[in-house]
Amino acid sequence: MPTANHRPPTAFETRVYEALCRVPVGKVTTYGRLGRHLGCGSAQAIGQALRRNPFAPEVPCHRVVRGDRGIGGFAGQTDGGEIERKIRMLRAEGVAFEADGRVAAGCLHDFPG
DNA sequence: CACCTGACATAAT
DNA sequence: AATTATGCCAGGT
């Protein structure tokens with residue numbers, strides 16, 4: 001029973017989700033790269049779209065990290081159990097983490113032309 | 001290393 | 001309908 005359900009996703013959100021789906025397992029992308037790929041110069045708009053994440057496992061929003069390769073946020077939180085969950089998923093997918101909790105530079109996915 | 005500014009879309013007023 | 005406020009940033013000073 002849909003209570004607090006999702007509203008119709010906007011074109012922008014859909015765009016973000018689609019691009020995110022292009023990221024293979026074991027790799028991660030950044031908000032900035034994703035945004036630039038969509039022609040959007042703002043990474044925050046990306047985060048806002050992901051934050052709503054209507055499609056949880058369908059859209060691997062957990063494969064998105066900060067431009068500094070930081071873990072970034074998740075489920076609308078920048079810290080907390082949700083974040084730990086995100087890290088766990090990435091590690092489960094084969095993403096390597098540095099001792100600082102940052103993602104390995106080699107795990108960054110590059111978008112095709 | 002801390003702070004402020006910039007760019008963009010959505011939600012709320 | 002228009003404006004204000006905010007948000008899983010980025011980048012530069």
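Values in this document were obtained by computation on a predicted structure and should not be read as measured data. Note on naming: letters A, B, ... go to the chains in the order of the sequence lines (proteins, then strands), and numbering restarts at 1 for each one. In what follows, every heavy atom counts, from backbone to side chain, and hydrogens, waters and symmetry copies are set aside.
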> Reckon A:Gly76 touches a base, only the sugar-phosphate, or nothing at all at heavy-atom distances under 4.0 Å?
Replying inline: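 Base contact.
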
Whole-Å distance between [N] [atom2] and [X] [atom1]?
| X | N | atom1 | atom2 | value |
| --- | --- | --- | --- | --- |
| A:Arg66 | C:dG11 | CZ | P | 12 Å |
| A:Ile46 | C:dG11 | CD1 | P | 13 Å |
| A:Gln44 | C:dA5 | CD | C1' | 12 Å |
| A:Leu34 | C:dG7 | CG | P | 21 Å |
| A:His37 | C:dC9 | NE2 | P | 21 Å |
| A:Asp68 | C:dG11 | CG | P | 8 Å |
| A:Arg33 | B:dC8 | CZ | P | 19 Å |

Per-pair distances, 0.1 Å, donor-acceptor, side chain in residues 88-107 of chain A, under 3.5 Å, sequence neighbours excluded:
unit_1	atom_1	unit_2	atom_2	d
A:Glu93	OE1	A:Arg63	NE	2.9
A:Glu93	OE2	A:His62	NE2	3.2
A:Glu93	OE2	A:Arg63	NH2	3.3

Which atoms of nucleotides 9-13 of chain B (N or O only) lie under 3.5 Å from a protein N or O atom, and what are those distances?
unit_1	atom_1	unit_2	atom_2	d
B:dT10	OP1	A:Thr10	OG1	2.6
B:dA11	OP1	A:Arg52	NH1	2.9

> Any side-chain heavy-atom pair from A:Leu34 and A:Val16 closer than 4.5 angstrom?
Replying inline: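 The answer is yes, as the side chains (C-beta and beyond) meet within the 4.5 Å cut-off.
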
> Is there a side-chain contact between A:Leu38 and A:Ile46, using heavy atoms and a 4.5 Å cut-off?
Replying inline: yes

>> Suppose we screen for side chain to side chain contact (heavy atoms under 4.5 Å, CB included). Which residues come up paired with A:Ala43, at least two apart in sequence or across chains?
In response: A:Tyr31

>> So, using side chain to side chain contact (heavy atoms under 4.5 Å, CB included) as the criterion, who are the partners of A:His109 when residues are at least two apart?
In response: A:Val23, A:Pro24, A:Lys27, A:Phe111

> If you pin A:Arg36 and A:Lys86 to their nearest nucleotides in DNA chain C, which one's is more 5'?
Replying inline: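 Comparing both residues, the 5'-ward one is A:Lys86.
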
For residues 71-87 of chain A, run the donor-acceptor check on the side chains, cut-off 3.5 Å, and write out each pair with its distance to 0.1 Å, sequence neighbours left out.
unit_1	atom_1	unit_2	atom_2	d
A:Glu82	OE2	A:Arg85	NH2	2.3
A:Lys86	NZ	A:Val64	O	2.6
A:Lys86	NZ	A:Ile71	O	2.7
A:Lys86	NZ	A:Gly73	O	2.8

>> For the CG atom of A:Leu20 and the NE2 atom of A:His37, what is their distance to the nearest 0.5 Å?
In response: 11.0 Å

>> I'd like to check the salt bridge (Lys or Arg N to Asp or Glu O under 4.0 Å) partners of A:Arg33; sequence neighbours left out, ordered by chain and number.
In response: A:Asp110

>> Under 4.0 Å, heavy atom to any atom of DNA chain C: which of residues 103-113 of chain A qualify?
In response: none

> For A:Phe12, does its backbone N or O pair with a side-chain atom of A:Tyr17 as donor and acceptor, under 3.5 Å?
Replying inline: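 No, A:Tyr17 side chain to A:Phe12 backbone: no donor-acceptor pair under 3.5 Å.
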
